[in-house]
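Below: one structure, written as structure tokens.
Below, read A as the first sequence line, B as the second, and so on, with proteins coming before strands; counting in each chain starts at 1. All heavy atoms count here, side chains included; hydrogens, waters and symmetry mates do not. The structure presented is a predicted model; accordingly, all values stated were derived computationally and were not measured.
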Protein chains: 2
Amino acid sequence: MNDKFYTLPMEKQHTILNAAMHVFSKYEYKKCSTEEIAKKAGISKALLFHYFEGKKDLYLYLYQYALDFFVREMSKTHDYNETDYFKILVNAQMNKMDILRVHPDLMQFLVKFYLEENPEVYDEKNKEFAAILSESSKRFMDRADTSKFKEGIDAEKILNIIVWMADGYMRSRTEKDLENTDRINEEYLEYIEIMRRQCYKEEYLV
Amino acid sequence: MNDKFYTLPMEKQHTILNAAMHVFSKYEYKKCSTEEIAKKAGISKALLFHYFEGKKDLYLYLYQYALDFFVREMSKTHDYNETDYFKILVNAQMNKMDILRVHPDLMQFLVKFYLEENPEVYDEKNKEFAAILSESSKRFMDRADTSKFKEGIDAEKILNIIVWMADGYMRSRTEKDLENTDRINEEYLEYIEIMRRQCYKEEYLV
DNA sequence: ATGTCATTGACCGATTCGGTCAATGACATT
DNA sequence: AATGTCATTGACCGAATCGGTCAATGACAT
């Protein structure tokens with residue numbers, strides 16, 4: 001990575017990084033062309049190679065950047081004293097939305113990176129993401145209180161349903177939808193509320 | 001398409017079709033190589049071109065085959081007299097599982113085909129799938145009875161949650177998991193049952 | 001011994017790949 | 001106006017890969 005990249009205005013940096021994330025999140029490493037990234041970023045391929053030493057360099061830098069950004073943003077507004085199961089979930093989702101507003105393909109890129117098997121770019125770092133994800137989700141949900149749940153509710157399965165639901169909901173939104181963040185959040189909260197009303201004992205549903 | 005393809009044993013036909021579906025479901029048309037398909041099918045590229053006139057021919061034949069197979073199998077065991085919301089859903093899911101057992105990438109291939117925008121292979125057929133899907137889902141859910149639902153339950157949102165949940169559940173299974181169909185069905189039913197218990201009035205939960 | 005036909009490795013020209021470089025142009029300094 | 005600096009690019013490189021072809025192989029029936 002060339003230090004000159006940092007001297008670019010933040011907006012241009014993001015344009016380039018987002019273009020790279022977009023392409024790298026679509027296919028495996030080998031099928032991603034630097035030409036496509038450059039075109040998406042609105043610059044020439046030559047300039048892209050001026051900022052980064054090569055395709056591999058860009059790819060690995062991008063991963064480090066994305067992972068750092070993800071961890072930093074997710075921790076930012078997390079309240080470690082909150083114990084309400086659904087409030088924790090909603091807060092986490094809001095953080096995720098904020099991330100996606102800056103880097104729309106960040107999550108998918110991290111997943112693709114995690115699944116990448118090309119030996120050319122494979123090292124032990126590829127599995128970091130899963131570890132961090134499960135560790136932080138454990139840490140986030142650590143204080144989560146399931147005692148408010150009705151009898152016979154399997155909290156683990158409920159968490160799965162909510163995660164799948166959130167994923168499906170986001171996937172069902174088009175690129176244009178995503179611009180209206182408030183509308184998205186509002187609608188998403190309705191879905192979370194459905195699950196909450198089904199899971200909590202009557203006394204906690206005020 | 002060469003008629004000799006039909007003279008192959010069914011198993012070999014499926015091997016080739018599945019290999020093609022697998023590759024075509026991964027990336028857009030242009031990025032899919034016939035070499036990769038042939039390798040996955042365990043035959044030479046030359047033989048693949050012996051059975052099909054070209055890449056485009058294979059692609060379009062595959063779509064027609066997949067769509068026909070999907071429609072036929074989904075209708076096969078559907079009971080048009082059933083009115084129970086969740087029984088209809090479970091039955092549809094079972095049909096889907098049966099399809100995936102024969103052609104693991106059929107659904108994803110149909111979706112990718114629907115999203116394909118390459119003018120080289122684009123025609124009005126690309127949008128058939130969405131129409132058929134929404135029409136048949138409407139037809140399937142036509143008799144579905146939501147009167148058993150508790151007060152204040154939004155059936156449409158529930159249906160979304162269940163679809164997203166089913167999608168997320170399938171996605172979370174690895175290729176190896178999918179071999180054990182019974183286990184999958186059993187576990188899936190547990191998730192459906194959770195949603196059913198939350199949605200139905202007490203009197204219908206026996 | 002001959003004919004049939006599925007199957008393949010080697011090859012084609014065209015395109016695309018990651019990467020390079022000389023040339024351009026905008027702008028600051030003198 | 002002349003010079004220097006440096007971001008930016010179009011044109012280009014050899015190598016790899018693309019869709020597709022074909023002569024040769026080999027298994028098997030007659």
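- Distances shorter than 4.0 Å separate none of the side-chain N or O atoms of S44(A) from OP1 or OP2 on dT8(D).
- Atom CD1 of I37(B) is separated from atom P of dC18(D) by 11 Å (rounded to the nearest Å).
- Closest to the side chain of K55(A), out of dG18(C), dT8(C), dT8(D), is dG18(C).
- Between K4(A) and the phosphate of dA7(D), there is a side-chain N or O to OP1/OP2 separation shorter than 4.0 Å.
- Across all strands shown, dA23(C) forms a Watson-Crick or G-U wobble pair, both distances under 3.5 Å, with dT8(D).
- Contact annotation: side chain of K45(A) to base of dG19(C), donor-acceptor pair present below 3.5 Å.
- Ring to ring, F52(B) and F5(B) are close: their centroids are under 6.0 angstrom apart.
- Each of K12(B) and K30(B) was matched to the nucleotide of DNA chain C holding its nearest heavy atom; the match closer to the 5' end belongs to K12(B).
- Side chain of E116(B) to backbone of Y29(B): a donor-acceptor contact under 3.5 angstrom is found.
- Taking atom NE2 of H50(A) as the reference point, atom C1' of dT24(C) lies 15 Å away to the nearest angstrom.
- Looking at which nucleotide of DNA chain D each of F49(B) and T7(A) is closest to, the 5′-most match is held by T7(A).
- Which of dT7(C), dT8(D), dT21(D) sits closest to the side chain of A46(B) comes down to dT21(D).
- Note that K127(A) lies in the cation-pi zone of Y114(A), set by a 6.0 Å cut-off to the ring centre and a 45° limit from the axis.
- With rounding to the nearest 0.5 Å, the separation of OG in S33(B) from OH in Y27(B) is 7.5 Å.
- Here S33(B) reaches the OP1 or OP2 of dC18(D): one of its side-chain N or O atoms lies under 4.0 Å away.
- Both tests hold for K157(B) against Y191(A): distance to the six-membered ring centre under 6.0 Å, angle to the ring axis within 45°.
- Whole-Å rounding puts the L47(A) CG to dA7(D) C1' distance at 7 Å.
- E35(B) has its CD atom 11 Å from the C1' atom of dG9(C), to the nearest Å.
- In this structure, the CD1 atom of I16(B) is 12 Å from the P atom of dA6(C), given to the nearest Å.
- Comparing T34(B) and G42(A), the nucleotide of DNA chain D nearest to each residue sits closer to the 5' end for G42(A).
- Here Y51(A) does not reach the OP1 or OP2 of dA7(D): none of its side-chain N or O atoms lies under 4.0 Å away.
- For the pair I43(A) CD1 and dA7(D) P, the interatomic distance rounds to 13 Å; values are reported in whole Å.
- When the P atom of dG18(C) is taken as reference, atom CG of D57(A) falls 14 Å away, rounded to whole Å.
- Regarding L8(A), its CG atom lies at a distance of 12 Å from the C1' atom of dT8(D), rounded to whole Å.
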